[in-house]
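Structure first, then comments.
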There are 2 protein chains.
Amino acid sequence: MNMRIPKPTLERLPLYHRAVESFMAKGREAISSQELGREIGVDDYQVRKDLSWLGAGGRPGYGYDTSYLLARLEEVLGLTREHTAVVIGAGHLGSALSQYSGFRRYGLQILALFDRDVTKVGKYLGDIPIFDIRELGRIIKEQQIPLAIITVPAREAQRVVDLAVEAGVKAIWNFAPASIQVPPGIILRNEDLAVGLATLSHYIVYGQPSD
Amino acid sequence: MNMRIPKPTLERLPLYHRAVESFMAKGREAISSQELGREIGVDDYQVRKDLSWLGAGGRPGYGYDTSYLLARLEEVLGLTREHTAVVIGAGHLGSALSQYSGFRRYGLQILALFDRDVTKVGKYLGDIPIFDIRELGRIIKEQQIPLAIITVPAREAQRVVDLAVEAGVKAIWNFAPASIQVPPGIILRNEDLAVGLATLSHYIVYGQPSD
DNA sequence: TAGATTGTTAATCGATTAACAATC
DNA sequence: TAGATTGTTAATCGATTAACAATC
C-alpha cells in the first residue's frame, strides 16, 4: 500500500472517481467491486486490486463506503488541492480548453492564455486574459504556476515548452502534435490526437483485437 | 510479423511516422533505430522490436530506408485511405476539433457537425454544415460514415453514441467525460481529459515515478 | 449465524529489455 | 573486407487474472 501506484491503475482512478460520484449522487452508501467494475468496464478483481493501492477501506460482505472511497480517490488524485495553469496558444483548441468547465470541477484554474498574435493580446476569453507570449516567463514566475498546457502549432511547441520550463513549471500537458523533450524531473503528458486518430484508423481498416 | 500488433506498439507507430516524415523532409534516405529512438524517446531495441511487426525492411549496417518505412507506417496505420467522420456536439471542443487541420493531414474528413441547439443548426463552421441531431441517423446511413466523434456533455454522451452505433458507425471517438458502453465489434476510444488532468495532478502533488 | 465480498497471494500473460548471431 | 546495425531469441519485469482464506 505504500509502494508507487502502477501507471495503468492510476489512469483508472479518475474513472472510479466519476463512477463513485454518480453512485453517491443516487444516494448509495456502499458499492461493491463488481458494481464499480461493471460501470467502468473492468473485472471485479481488477477493481479490488486497484483500490487496494489506496487503502480504500472495503469491508468484506459490504463493499466500499462511497463517501470514504471518494475522499481517498480525491486525495490520491490530488483533487483536494487547487492547481493553477496557463494555456499557451490561443487558437481553436487552446480557446476550447480554456473554456472547458470540466477543469474547474477538478480544481484546475486557468489563469492566463498566451499567444504571439498581437491582435489577440489584451483581450479576454471569458474572464481569462490573453497575454503576449513574451510575458510568459514573468507571469509563470510571479504566480508560481505549476502547469503549462501547450496548444501551439507543432513547430513552436518545443520553444514554448523550453520557456515554460525555464520559468519553473513542474508539468507540461502537451496537445501539440510534436515530440517534446523536457529535462529530468519535469512531468510531461502528451495528449496527442494523432495517436488516437491513427490507432482508430488502423482498427477501422484492419479490425480490432477481439474480432 | 503476421500476428496482431501489440497495442503499446501501435500507439508508438504514429510517433515513428512523424519522426520519419521529419527526417525525410531533411533529405535523409536512411535512418537507424538509434536515431529514431532518440527522436521519440525510446531505446533502439524497442524501435527494432516495434518495426519488426511491420516488416519495415531494415538492412543491417545501413538502417531503414526512410521512404519505404514511411510507406509501411502509413499502410499499417490506415493513412493511405480517406476516412469520413461526423462530430456530435458543436460546443467549444467540437468546433475546435472540426477545424483542426491536423485531421486532414491524416486523411480524416469531417463531413458534418450535429447539435440539438436550433440556433446553430443550418449554419456552417468553415465549410462544415451543422445539422440537427435528429438528422444524425439518416446522414450517417446515407453516407456510410464509419466514425463518430463525441463532444457532447457527459449526460448526453451515451444517448448520442447509441444513435450513432444504431446508424452503423464502426468506431466511436469519445471526448465526453463519461464511461460509454458500446456493443461488441464497435471500436471505442476514450480521449478523456479528466484522466490526463487527474494523473498530472497526482504527479504534481506526489512527484513522478523517477523521482 | 450464513452469505457476501473483501484483500492478498499465486499463476498467467504480455511487454520491455538485453544480448548476439546474421548480414548488408 | 571491417564496421555498423539489423531481426530475433532469451531473460526480465510488471500488470492482469484467478482463486481463496479471512471477515464483516
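Labels below follow one simple rule: chain letters A, B, ... track the order of the sequence lines, proteins then strands, and each chain is numbered from 1. On a predicted model such as this, the values are computed, not experimentally measured, just so you know.
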What nucleotide among [options] has an atom nearest to a side-chain atom of [X]?
X: B:Asp43; options: D:dT16, C:dT17, D:dT8; value: C:dT17
X: A:Pro60; options: D:dT8, C:dT17, D:dA22; value: D:dA22
X: A:Thr9; options: D:dT16, D:dT6, D:dC24; value: D:dT16
X: A:Lys49; options: D:dT16, D:dC24, C:dT16; value: D:dT16
X: B:Tyr64; options: D:dT6, C:dT6, C:dA18; value: D:dT6

Salt-bridge criterion met for B:Glu21 and B:Arg18 (N-O under 4.0 Å): no

Electrostatic pair B:Arg189:B:Glu11 at N-O distance under 4.0 angstrom: yes

[X] [atom1] to [N] [atom2]: how many Å, rounded?
X: B:Asp65; N: D:dT6; atom1: CG; atom2: P; value: 13 Å
X: B:Leu54; N: D:dT6; atom1: CG; atom2: P; value: 14 Å
X: A:Arg38; N: C:dT5; atom1: CZ; atom2: C1'; value: 14 Å
X: A:Leu69; N: C:dT5; atom1: CG; atom2: P; value: 16 Å
X: B:Tyr45; N: D:dA10; atom1: OH; atom2: C1'; value: 15 Å
X: B:Trp53; N: D:dT8; atom1: CH2; atom2: C1'; value: 12 Å
X: A:Gln34; N: C:dG7; atom1: CD; atom2: P; value: 15 Å
X: B:Lys7; N: D:dA15; atom1: NZ; atom2: P; value: 16 Å

Touch class at under 4.0 angstrom, heavy-atom based, for A:Tyr62 against every strand present: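 Sugar-phosphate, backbone atoms only, no base.
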
Sugar-phosphate, base or nothing in reach of A:Arg48, heavy atoms under 4.0 Å: base

Along DNA chain C (nearest heavy atom to each residue), the more 5'-positioned of A:Asp44 and B:Arg59: A:Asp44

Parallel, tilted or perpendicular, as decided by the 30° and 60° cut-offs, for the rings of B:Tyr100 and B:Phe103: perpendicular

Under 4.0 Å from OP1 or OP2 of [N]: is there any side-chain N or O of [X] that close?
X: B:Ser33; N: D:dT5; answer: no
X: B:Ser52; N: D:dG7; answer: no
X: A:Gln46; N: D:dT17; answer: yes
X: A:Arg12; N: D:dA15; answer: no

Flag for A:Thr66-A:Arg28: side-chain donor and acceptor within less than 3.5 Å: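 Looking only at side-chain atoms, A:Thr66 and A:Arg28 do not form any donor-acceptor pair under 3.5 Å.
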
Polar side-chain atom of B:Ser33 near backbone of B:Arg48 as donor-acceptor pair, under 3.5 Å: no

Nearest heavy-atom neighbours spanning B:Leu77 and A:Ser201: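 What the structure gives for the nearest pair is O-OG, 2.8 Å.
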
Under 3.5 Å on both distances, the Watson-Crick or G-U partner of D:dA10: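 The answer is C:dT17, by the H-bond criterion.
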
C:dG3 - base-pair partner by Watson-Crick or wobble geometry, distances under 3.5 Å: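 D:dC24 - that is the nucleotide pairing with C:dG3, both distances being under 3.5 Å.
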
